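Report on the structure given below.
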Amino acid sequence: MTDFDLSDPLHPERQFAELQAQTRRHFLRSFSGGLGTIFLGAMAAPLFGAIEETNGYTQPLDLKRDPRHPLSVLPPQFTPRAKRVIYLHMAGAPSQLELFDHKPELVRLDGQDCPASLLAGKRFAFITGVPKLLGPQYPFHQVGESGHWISDRLPHLEKHLDELCFVKSMRTDQFNHAPAQLLVQTGNPRLGYPSLGSWVVYGLGSENQNLPGFIVLISGGNMPDGGKQLWGTGFLPSVYQGVQCRSHGEPVLYLESPRDVSREKRRNMLDAIDELNQQNYAAFGNPETVTRIAQYEMSFRMQMDATDAMDIEKEPEVVRTKYGSKIGESSFANNCLVARRLAERGVRFIQLYHWGWDTHGTYATDSLNVGFAKRCLEVDQPIAALLSDLQERGMLEDTLIVWGGEFGRTSMKENRSGQTSQFVGRDHNPGAFTIWLAGGGVKRGHVHGETDDLGYEVVKGPVEIRDLHATILYLLGFDHRKLNYPFQGLDQKLTSVKPSRVVAEILA
Amino acid sequence: MIERIRSASPQFLFGSTILAWFGVLVCLLLFAPPDGKERAELLQFVGRFHSLSVHLPIALLIVVPLIELAGRSRYFPNLLPAVDFLLALAAIGAIGAATLGWCLARSGGFSGRLVTQHMWAGAAVAAIAWTCWFLRTHPASNVQTRFYPLALTFTVGLVFFAGHRGGQLSQGEKYLTEFMPGPLGSLFGASSAGDAPPNSPNGKPGTFFGDRVKPVLAANCVSCHGPGKHKANLRLDNYEAVMRGGKHGPVIMVGDPRSSELFRRITLPSSDRDFMPSEKNPLAAGDINLVQQWIASGASGTLPASDAGANIPAAPTASEVTFPDLDPAAIDKQRASIASLVVQLQQRLPGIIDYESRSSADIVVSAAWMQSRFGDAEVAALAPLADHIVSADFSNTAITDESTRGIAAMKHLRVLRLMHTRIDDAGMQTLSSLADLESLSIFETPVTPSVLLSLARMPKLQHIYVGRTAITPGAKTTDEITHKLIF
């Protein structure tokens, strides 16, 4: 503990505050518990040492860091295939049947009553009674050397189809947006668990000392339904939380110093605050104090680099045209361009959310014929441009891109009002959906898994969300069972307690 | 006849019933021995109670001699009358357990030396338990009284023998001796020499099978498919047995791993019913690869270890990934010469250098995020680590041609990123000595098409990212280099 100047008038007050913070629990823990532990440690450790190893217990990775540098870089467990991730989450769940999962049989059965066997034991968010099957709303065609099917909604992306690795057999057990998004992003449908990005930054640290290691960008006019918990840290120290940045103006509000406050003045102020925080940390050892210190320091350094990284005006006109980005807008296109700039600057995990894929067909903007087409238009060109930019820079070799929603959509037409409507839509389907991955360590032009003839359920190579997580961690150089954080008596991990498997079939 | 049975003592009835039951059991053992085939599920279900029921007679047969001794002391004389009853119970228990044992062995796919020994030892225990009971209850002559203690001692020995064989069957042959301290272990040293035909040339040391494949099988398969226990009538402890196969036929199809049952089973997902080794960890990818190589190259028993590997197909994509184990001591040793240097440099240039992974002493440099704050002086600071650097990203930094000599000294570089730097043709000339380089990005640099000549000299180069340079898709160069260019 720090030595204090006894003549300091604040000293008795400080001492008093510290004593007040001592509770009966502190006493019991540090006295009896401490004695017991010392005894047990000395006597029993040699006896139990050997058993621990042979019990099949996986020793967690040592992720201890200097407490003053919680974001320092740590090497992965084994040679990684990818160094960073760009995750494009289409919030609201885009229809696999209008984009990638080609089902000719569904065209034939369009308009017929859904067979009872598909409805037995199923719960839907909105469908009631016997719905009608709904054929794909857009024509499909085969593309590229791999000859995979794709609908006509993504004309730019289809030029990169030979780069993508599709998983058409994704499954989830959540059929409402918020819990399903939480499951995809945190491995758990309930609140309070660390997000994928947080785990990655916790495991690997952040290369860039002047930018957060986990940055979140939002577009589409709304927050994803799961809210900010989607990039929260849960029980991990909050220094690993995703930092949501704005795609125009100041990346983080009030990042710039106020007028007339020089950088030097700012530094002096931070030094004083740090000193106090250090004392507090020495007294209580709360990791959140370290987080606070680290965040002050980070924002000070971000003043130099963040604005520059987010500034797409620095890109040549031709590049912005390629993305279809317009300066000053808050758009997915701008976010994709920013994502590339962040990736170039060593940001570990870049998470984009584009809201508005929940196509139930109750009115124009959430229908497959109008709103969905508009969303496709918004993402098609930017994603293609991002892939092309990374590819031509050589960065696709070690950047993993993941595209997907939180569940799929039904093969049946949703008709909530019961009246004839000019808009068509589909309900939520947790039974099957399609995602794709590209870049670092995954096969190119590959399709994994299959759904039935109606695209309703997985029939081959099912992949659970936790399998996807295990696979992403594997590509980053981790055994998902060993990336642990001790909490509530358990070595917690992203993939939770159910067995999960790395999808070896999609690894290059 | 009936009159005689009625008049017979209960003791006689008991003794003869047990004897008759024993006779039936011996007939079963002789004429329907366990043969490694699986049969009716009911029989197997009943048989599963063998390991439960067997413990009662074991305990009784050990307790009887103790009572005989204790009863003769002056403290427990009233224990002695219980012995007759206990022996009778032990005899019933032993013969019952032996019958259940036959059910299990006959229907559960067991056969082999261990099973046979365990079976006859078990039957012998039943027989001698009955004998002890008979001698104890008919102390007619002196001969019999003298034989009784002898028989009892023999019983205990037999119980230990049969019990140990049973333990080996269920827990593995070396269960007891595996962790036995040194001298004791070698005393009991159960070395399991296979029953390979003598002087067989197959699988001798020096052959690919003997040196590479056999150890894999020994470590993963032989505890169930070996000399002691041949589940499914399959043994994998020597070359001849492997090629012979098991009850489902051959497990190796020469030259065709995919149709080989053995290969199919070890490559299934571990959740599959047919997965092998059952209830154990999957084989390591390298081992699976080895087995595949061996089958694909003709599954020979005499192919020398050194010849294999030549005309052998590339590694398959295994259906399960394996996570490499870390050996901290070995890694520390590899890193010993550079460890303190790395720590120093990490302090000076935080976030720039680190090991490629926890299992390697290779270094990865990521300087791109520093942008113009990283320059020639910093590259020079990396010089002492040059030999260990395998991947370096200097994109967007202020480095100039001055640094290229320092970079060229990193002779194990596989990946080099020079995107948006001032490196030009002269600098690239210096870098062309990087013989291990596989991927190079010179996106948006001042290089010209003439640089392609020096790039053509780099033997392992696969991808060259030349976007936004003076090199255009029409650039005149050799075909060999053209298809490596990415614009």
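All values derive from a computational prediction rather than experimental measurement. Sequence lines set the chain letters: A, B, ... in the order given, protein chains first and strands last, and positions in each chain run from 1.
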Using non-hydrogen atoms only, which part of [X] is less than 4.5 Å away from chain B: side chain, backbone, both, or neither?
X        : result
A/Ser72  : neither
A/Asp308 : side chain
A/Phe478 : backbone
A/Leu74  : both

Is A/Arg84 salt-bridged to A/Asp398, cutoff N-O under 4.0 Å?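 Salt bridge present between A/Arg84 and A/Asp398.
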
Salt bridge flag under 4.0 Å for residues A/Asp305 and A/Arg301: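 Judged by the 4.0 Å cut-off on N to carboxylate O distance, A/Asp305 and A/Arg301 do not form a salt bridge.
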
Is the number of heavy atoms from other residues, nucleotides or ligands under 6.0 Å of A/Lys314 NZ greater than 12?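 Atom NZ in A/Lys314 is crowded, with more than 12 foreign heavy atoms closer than 6.0 Å.
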
Are more than 12 heavy atoms from other residues, nucleotides or ligands located less than 6.0 Å from atom NE2 of B/His420?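 Check fails, neighbour count at 12 or below.
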
Contacting moiety of B/Ser360, where chain A heavy atoms sit under 4.5 Å: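 Neither; nothing under 4.5 Å.
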
What part of B/Glu444 gets closer than 4.5 Å to chain A, counting heavy atoms only: side chain, backbone, both or neither?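 Neither the backbone nor the side chain of B/Glu444 comes within 4.5 Å of chain A.
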
So which of B/Ser395, B/Ala368, B/Ser439 has the biggest tally of heavy-atom pairs under 4.5 Å with chain A?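 Sorted descending by pairs with chain A, the first entry is B/Ser439.
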
Within a strict 4.5 Å, meaning less than it, do heavy atoms of the A/Asp389 and A/Val319 side chains meet?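 In contact.
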
B/Met419 side chain near A/Glu344 side chain, heavy-atom distance below 4.5 Å: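 Answer yes - side chains close enough.
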
Contact winner vs chain B - A/Leu71, A/Val347, A/Leu61, A/Leu211, heavy-atom pairs under 4.5 Å: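 The residue among A/Leu71, A/Val347, A/Leu61, A/Leu211 with the greatest pair count is A/Leu61.
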
Counting heavy-atom pairs under 4.5 Å with chain B, which one of A/Glu397, A/Arg345, A/Gln391, A/Arg393 comes out on top?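 Greatest number of close heavy-atom pairs with chain B: A/Arg393.
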
With no hydrogens and no angle check, is any side-chain donor or acceptor of A/Arg81 less than 3.5 Å from a backbone partner on A/Leu476?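 Flag not set: sc A/Arg81 to bb A/Leu476 has no pair under 3.5 Å.
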
